[in-house]
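Every chain is numbered from 1 and lettered A, B, ... according to where its sequence line falls, protein lines coming before strand lines.
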2 protein chains.
Amino acid sequence: MDSATKDTATRILDAAERLFVEHGFEATSLRTITQQAEVNLAAVNYHFGSKDALFQAVLVRRLAPLNQQCVAELDVLEKSGAPITVEGVLMTFIRPCLALSKDPNRGGAMFVRLLSRTFVENHRLIRDTLPQQYSEFVNRYSKAFSRVLPGLKLEELAWRLHLAFGLMFNAFAGNDVLKIFVKSDIVSARDPDTVVRHMIPFVIAGLTNPATQS
Amino acid sequence: MDSATKDTATRILDAAERLFVEHGFEATSLRTITQQAEVNLAAVNYHFGSKDALFQAVLVRRLAPLNQQCVAELDVLEKSGAPITVEGVLMTFIRPCLALSKDPNRGGAMFVRLLSRTFVENHRLIRDTLPQQYSEFVNRYSKAFSRVLPGLKLEELAWRLHLAFGLMFNAFAGNDVLKIFVKSDIVSARDPDTVVRHMIPFVIAGLTNPATQS
DNA sequence: GTCTATATCTCGATAGAC
DNA sequence: GTCTATCGAGATATAGAC
């Protein structure tokens with residue numbers, strides 16, 4: 001669908017998604033959003049009610065289907081009868097993220113970065129409202145990983161998942177700024193396939209690492 | 001030194017450090033900073049010139065000594081004659097961060113989280129001005145890690161450092177929000193010793209992982 | 001150096017015509 | 001549903017007395 005033919009609400013969502021990812025929620029004004037969306041300033045409050053509500057709408061538009069896909073992939077994996085591995089469970093999360101990253105009209109790619117950024121920014125909308133809506137996601141992955149990482153104490157498992165998901169969200173965010181720690185031209189942190197290719201073995205190594213600290 | 005006896009500029013820096021870490025740069029107003037610092041609103045512009053300049057001052061106050069400590073630790077390690085390991089190099093970075101995290105008047109702990117948050121937020125002041133000032137840091141760690149990870153191609157090494165430093169900054173940031181992926185009460189992501197204890201084996205496993213993707 | 005007072009601007013949100 | 005016009009709040013920054 002061409003940009004000009006999308007309805008007003010969608011145009012606002014697309015522009016907001018892009019701008020929130022680039023500059024963050026607080027630094028993005030409704031005026032900038034409506035200019036880029038080529039709609040009237042008042043349209044935001046007409047369609048969404050407030051800036052906070054717009055942000056929530058931007059998130060749930062893609063988060064709900066993403067959540068469903070992850071759970072569906074877990075269902076397939078667990079009912080397949082095939083042996084389940086750490087990589088297998090990991091890929092049920094990475095594959096939907098990757099599919100979104102490769103969305104041909106680029107909206108999905110924006111969203112993966114926005115989701116990552118929103119998590120690291122610890123925004124109140126993520127902190128207060130979204131967790132309870134996705135308890136199924138949390139429960140399913142907690143169980144799935146405890147099954148493929150059976151040797152770990154509960155606390156140790158929790159820490160490894162904390163670090164692993166933090167790493168993956170951070171990697172998907174693709175911040176160029178981390179390049180200052182490496183030779184700047186080598187790492188192209190924005191190509192999702194490349195990110196995932198390097199991310200997977202790193203995360204698996206961390207998750208399956210036999211060493212446990214005293 | 002008691003808080004009340006600190007001079008105005010220091011009180012402003014302390015309050016700004018604390019508030020930037022909690023709410024981010026954009027969402028923190030000079031009014032809030034000066035109220036918490038118990039100084040006059042105009043004092044910020046008198047002492048620092050602008051909000052951007054204040055932010056830069058907050059960063060360089062601690063970043064310059066931190067940078068020096070890391071380089072000094074690398075010097076000691078490399079001149080000791082003892083065998084150099086991945087963990088050894090890693091600890092030259094982690095130890096100064098940890099020392100700062102345990103700053104008794106809590107300013108340092110704030111700063112480590114602020115630094116982490118600023119990196120993941122990809123703020124323009126980090127992106128544009130700071131990298132060139134700390135090229136020594138980058139060069140030294142690039143060389144040190146390539147020495148202890150000799151089997152890796154340059155690109156592979158760059159990716160692993162990208163992921164490793166991203167992970168460490170993210171872990172030091174201690175965002176509660178990642179706890180939604182684990183049982184919420186188990187992980188106390190704010191205690192720096194606990195963070196580091198779980199972080200180190202995870203990072204080492206990722207860095208030294210023999211698997212390389214095609 | 002520290003204060004009051006204020007200039008100037010931009011923000012989110014809304015009223016009301018069409 | 002879409003527009004213009006604007007409100008009131010809050011932002012950064014500064015002028016000028018002390």
>> If the condition is side chain to side chain contact (heavy atoms under 4.5 Å, CB included), which residues does A/Arg61 pass it with, not counting sequence neighbours?
In response: A/Thr10, A/Leu13, A/Asp14, A/Glu17
>> Protein within reach of the bases, or only the backbone? For nucleotides 13-18 of chain C, mark each nucleotide 5' to 3' as B, S or -, using heavy atoms under 4.0 Å.
In response: BB----
> What residues form a side chain to side chain contact (heavy atoms under 4.5 Å, CB included) with A/Lys102, not counting sequence neighbours?
Replying inline: A/Leu98, A/Pro192, A/Asp193
>> Rounded to whole Å, how long is the line connecting atom NE2 of B/His47 with atom P of D/dA13?
In response: 16 Å
> Between atom CD in B/Glu26 and atom P in C/dC11, what is the gap in whole Å?
Replying inline: 11 Å
> Once you round to the nearest 0.5 Å, how far does NZ of B/Lys143 lie from CZ of B/Arg147?
Replying inline: 12.0 Å
> How is A/Thr34 classified with respect to the nucleic acid when contacts are heavy atoms under 4.0 Å: base, sugar-phosphate, or nothing?
Replying inline: nothing
Which donor-acceptor pairs under 3.5 Å do the side chains of residues 18-25 of chain B make with protein atoms, sequence neighbours left out?
unit_1  : atom_1 : unit_2  : atom_2 : d
B/Arg18 : NE     : B/Gln36 : OE1    : 3.3
B/Arg18 : NH2    : B/Gln36 : OE1    : 3.1

> At under 4.0 Å, does any side-chain N or O of A/Ser29 touch on OP1 or OP2 of C/dC11?
Replying inline: yes
>> B/Arg117: which residues meet the salt bridge (Lys or Arg N to Asp or Glu O under 4.0 Å) condition with it, sequence neighbours left out?
In response: B/Glu121
> Do any of residues 14-22 of chain A sit with a heavy atom less than 4.0 Å from DNA chain C, and if so which?
Replying inline: none
> Quick one: side-chain hydrogen bond (donor to acceptor under 3.5 Å, both in side chains) partners of A/Asp75, sequence neighbours excluded?
Replying inline: A/Arg140
> Taking atom C1' of D/dC3 as reference, at what distance in whole Å does atom CD of A/Glu38 sit?
Replying inline: 16 Å
>> For B/Ala43, give me all partners under side chain to side chain contact (heavy atoms under 4.5 Å, CB included), at least two apart in sequence or on another chain.
In response: B/Thr8, B/Ile12, B/Val39, B/His47
>> Applying side chain to side chain contact (heavy atoms under 4.5 Å, CB included), can you list everything that pairs with B/Asn67, at least two apart in sequence or on another chain?
In response: B/Val71, B/Tyr134, B/Phe137
> Taking C-beta and beyond as the side chain, do A/Leu115 and A/Leu66 meet within less than 4.5 Å on heavy atoms?
Replying inline: yes
>> Quick check on D/dT2: is either OP1 or OP2 less than 4.0 Å from any side-chain nitrogen or oxygen of A/Thr8?
In response: yes
>> Rounded to whole Å, how long is the line connecting atom NZ of A/Lys6 with atom C1' of D/dG1?
In response: 20 Å
> B/Phe48 has an atom CZ; how far is it from atom P of D/dA13, in whole Å?
Replying inline: 13 Å
>> Distance check needed: C/dA5 C1' versus B/Asn40 CG, whole Å only.
In response: 11 Å
> How would you label the contact of A/Thr32 with the nucleic acid (heavy atoms, under 4.0 Å): base, sugar-phosphate, or nothing?
Replying inline: nothing
> Between atom CZ in A/Phe25 and atom C1' in C/dC11, what is the gap in whole Å?
Replying inline: 12 Å
